[in-house]
Engineer: 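The following block contains the structure, expressed as structure tokens.
Below, all heavy atoms of this structure are taken into account, side chains as well, without hydrogens, waters or symmetry copies. If you're wondering where the values come from, they're calculated on a predicted model, not measured in any experiment. Throughout, protein chains are lettered first and strands after them, A, B, ... in sequence-line order, and every chain is numbered starting at 1.
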2 protein chains.
Amino acid sequence: MQMGIEIHVPDGVVPWRMPRKRLTREESREQTRLRLLDAAAVAIAKKGLTATSVEDIAGQAGYTRGAFYSNFKSKTDLFIELLKRDHMSIQEDLQRLLDANLSSDDLQKQLALFYAQCYRDHTSYIVWAEARLHAVRDAKFRQRLNALCLEKRDTIAYFIAQFCKRLGMPVPDAAKDLALASMGLIDGVLYFNITMPNELPDAAAESVLSTIFSATFFGTQP
Amino acid sequence: MQMGIEIHVPDGVVPWRMPRKRLTREESREQTRLRLLDAAAVAIAKKGLTATSVEDIAGQAGYTRGAFYSNFKSKTDLFIELLKRDHMSIQEDLQRLLDANLSSDDLQKQLALFYAQCYRDHTSYIVWAEARLHAVRDAKFRQRLNALCLEKRDTIAYFIAQFCKRLGMPVPDAAKDLALASMGLIDGVLYFNITMPNELPDAAAESVLSTIFSATFFGTQP
DNA sequence: GCATTCAGATACAACTATGTATTAGAGTTC
DNA sequence: GAACTCTAATACATAGTTGTATCTGAATGC
């Protein structure tokens with residue numbers, strides 16, 4: 001068995017312990033759903049969407065397949081819910097940045113923050129990579145995923161516009177395309193950062209990102 | 001069955017037709033290998049590495065599993081050969097660009113050309129995406145893939161250095177990191193270009209790439 | 001032209017996955 | 001506390017995959 005990139009198990013949510021309070025059916029069901037979702041994220045990050053069986057997910061969560069099928073129509077169904085959940089959390093992070101005091105002097109810090117927050121734990125990076133690949137092959141899925149991506153793009157485009165205004169720079173009229181490119185750039189750089197941390201350690205990744213960002217948006221030379 | 005992104009079958013190589021000339025054993029074997037490799041690229045692009053069975057590959061190539069196992073140790077084995085073959089072809093393309101008359105005024109054209117050449121046919125884009133994901137999980141594979149990526153990075157870094165010199169610009173000392181970032185950027189942008197061609201058509205993709213490149217390397221404002 | 005060799009086909013045994021149909025057991029309601 | 005209702009476990013039928021072991025027919029060499 002080959003050793004993969006280290007996967008951090010998100011440990012914040014719904015730990016396994018004898019519930020003090022007897023849960024209502026709804027609560028219990030919701031807990032099961034959450035556990036299944038968390039387990040799926042870990043399992044998919046470890047083995048890949050296709051190689052992860054429903055049994056893997058259920059087992060990892062401490063259930064059997066019965067529980068799975070009683071909560072989700074299919075693996076794809078669960079996968080989409082997983083992405084939506086993650087997307088919402090990212091959107092919230094971005095929104096928080098936008099709503100924060102927009103100190104116009106540290107755009108770079110903000111972007112670096114976003115970069116750092118975005119996929120701090122590799123699990124969700126991998127899950128999204130998995131999703132992109134899946135989207136290439138399944139038109140229906142692609143549509144749904146694109147909707148999420150475009151939502152994120154628009155948030156980032158707005159982010160860009162805000163900062164340009166703050167700084168008295170003209171808002172580039174390809175702001176949306178630039179936002180899309182930023183997303184691509186971050187993902188691309190993150191890949192190298194994750195898979196060859198010696199060649200591109202965190203500091204270098206952040207530095208090259210901020211070089212490119214500031215060059216692109218402020219015309220600052222490296 | 002969901003419709004995926006259209007896959008162009010590379011039709012240049014070793015078509016199926018009754019051979020005029022009787023092939024020698026070696027030639028015939030080589031032909032089989034090539035057919036299997038081509039078929040694998042198409043099949044993997046269509047269904048993904050894991051979901052593609054050895055049978056799929058062999059069948060697609062017009063053989064049975066027997067032929068496959070008599071030519072490759074395993075699916076992974078074939079996959080690596082496939083990547084190497086593709087890598088070599090990309091390296092040659094890049095080298096050709098480097099060796100061509102380095103007209104210093106149209107760096108952008110050259111880069112656009114590279115971008116266009118790089119993954120003109122989606123098959124190889126997808127195969128590489130598949131590889132990246134696989135690399136995250138398999139340390140041995142990751143090492144081999146990283147070696148290829150770093151080779152490409154160095155070529156691109158050299159490319160960047162050459163052009164900067166030509167133009168009398170200082171060669172950025174993070175040239176290698178910038179090369180890596182360029183690779184990431186191109187892959188990232190290409191993904192959106194492929195999966196949402198309405199949002200990011202070819203022209204927009206090229207334009208945003210050249211905006212970012214020229215800003216980064218020449219400090220040209222958009 | 002006959003024996004040899006090797007590419008590729010076929011047969012086989014062990015495993016793994018999927019989805020459904022049924023069942024057990026616990027929560028809810030009155 | 002008895003009937004009812006859901007969640008999740010279990011059992012089952014089906015089907016797909018892998019690698020190896022064995023066989024066949026065509027190319028080669030003497």
Side-chain angles (χ1 to χ4, degrees), chain A residues 1-2 14 16-40 43-44 46-81 130 134 137-138, chain B residues 1-2 14 16-40 43-44 46-81 130 134 137-138:
Chain A
M1 188 60 182
Q2 297 303 337
V14 202
W16 257 126
R17 73 171 82 96
M18 280 301 100
R20 279 291 131 76
K21 168 199 159 215
R22 269 221 195 286
L23 300 174
T24 69
R25 281 214 176 132
E26 253 187 313
E27 286 172 328
S28 160
R29 191 176 167 74
E30 188 53 25
Q31 195 179 63
T32 305
R33 282 178 70 80
L34 286 180
R35 287 211 188 102
L36 285 170
L37 282 167
D38 290 338
I44 290 171
K46 260 191 196 134
K47 302 179 55 178
L49 180 63
T50 318
T52 299
S53 67
V54 170
E55 177 118 30
D56 286 335
I57 296 172
Q60 177 76 232
Y63 297 92
T64 61
R65 259 171 327 132
F68 182 97
Y69 282 110
S70 130
N71 278 283
F72 300 96
K73 269 216 314 286
S74 65
K75 202 166 68 174
T76 307
D77 196 56
L78 167 142
F79 189 49
I80 287 171
E81 283 218 27
E130 218 43 79
H134 190 65
R137 306 193 173 105
D138 181 332
Chain B
M1 187 60 181
Q2 297 301 338
V14 202
W16 257 126
R17 73 171 82 98
M18 281 300 101
R20 279 290 132 79
K21 168 200 160 214
R22 268 219 196 288
L23 301 173
T24 69
R25 283 217 174 129
E26 252 186 313
E27 287 170 328
S28 159
R29 191 175 166 75
E30 188 53 25
Q31 195 180 61
T32 304
R33 282 178 71 81
L34 286 179
R35 287 212 189 100
L36 286 170
L37 282 167
D38 290 337
I44 290 170
K46 258 190 197 136
K47 301 179 53 177
L49 180 62
T50 318
T52 299
S53 67
V54 170
E55 176 116 29
D56 286 335
I57 296 171
Q60 176 76 232
Y63 297 92
T64 60
R65 260 172 326 136
F68 181 96
Y69 283 111
S70 131
N71 277 285
F72 299 96
K73 270 218 311 286
S74 64
K75 201 166 69 174
T76 307
D77 195 56
L78 167 142
F79 189 50
I80 287 171
E81 282 217 28
E130 214 50 74
H134 190 66
R137 305 191 172 107
D138 180 332

Engineer: Between atom CG of L78(A) and atom CZ of F68(A), what is the distance when rounded to the nearest 0.5 Å?
Structural biologist: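 Going from CG on L78(A) over to CZ on F68(A), the span is 5.0 Å.
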Engineer: To the nearest angstrom, how far is Y69(A) atom OH from dC12(D) atom C1'?
Structural biologist: 14 Å
Engineer: State, without any angle test, whether S53(A) and D56(A) hold a side-chain donor-acceptor pair at a distance under 3.5 Å.
Structural biologist: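 Short answer, yes.
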Engineer: What I want to find out is whether R137(A) reaches E130(B) closely enough, with some N-O distance under 4.0 Å, to be called a salt bridge.
Structural biologist: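 Salt bridge between R137(A) and E130(B), a charged N being under 4.0 Å from a carboxylate O: yes.
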Engineer: Round to the nearest Å and state the distance from L78(A) atom CG to dT18(C) atom C1'.
Structural biologist: 16 Å
Engineer: Specify the separation, in whole Å, of atom NZ of K75(B) and atom P of dT17(D).
Structural biologist: 9 Å
Engineer: At their closest point, which heavy atom of L36(A) faces which heavy atom of A58(A), and how far apart are they?
Structural biologist: CD2-CA, 3.9 Å
Engineer: Can you measure F72(B) atom CZ to dG19(D) atom C1' for me and round it to whole angstrom units?
Structural biologist: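 Value for this atom pair: 17 Å.
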Engineer: Is any side-chain N or O of R65(B) under 3.5 Å from a base N or O of dG19(D), one able to act as donor and the other as acceptor?
Structural biologist: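 Donor-acceptor pair under 3.5 Å: yes.
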Engineer: NZ of K73(A) versus P of dT18(C): gap in Å, rounded?
Structural biologist: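 It is 17 Å, rounded to the nearest whole Å.
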Engineer: Could you check how far CG of L49(A) sits from P of dA17(C), rounded to whole Å?
Structural biologist: 14 Å
Engineer: Write down the distance between CD (E55(A)) and P (dA9(D)), rounded to a whole number of angstrom.
Structural biologist: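 Going from E55(A) (CD) to dA9(D) (P), I get 11 Å.
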Engineer: Nearest 0.5 Å, please: how far is OG1 in T50(B) from CG in L49(A)?
Structural biologist: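 Here the rounded value is 9.0 Å.
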Engineer: What's the shortest heavy-atom distance between T76(A) and H134(A), and which atoms?
Structural biologist: CG2-NE2, 4.4 Å
Engineer: For nucleotides 3-8 of chain D, just jot down a letter per nucleotide in 5' to 3' order: B, S or -, based on protein non-hydrogen atoms under 4.0 Å.
Structural biologist: --BBSS
Engineer: Mind calculating the distance between CD (Q31(B)) and P (dA27(D)) to the nearest angstrom?
Structural biologist: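 Nearest whole value for this atom pair: 13 Å.
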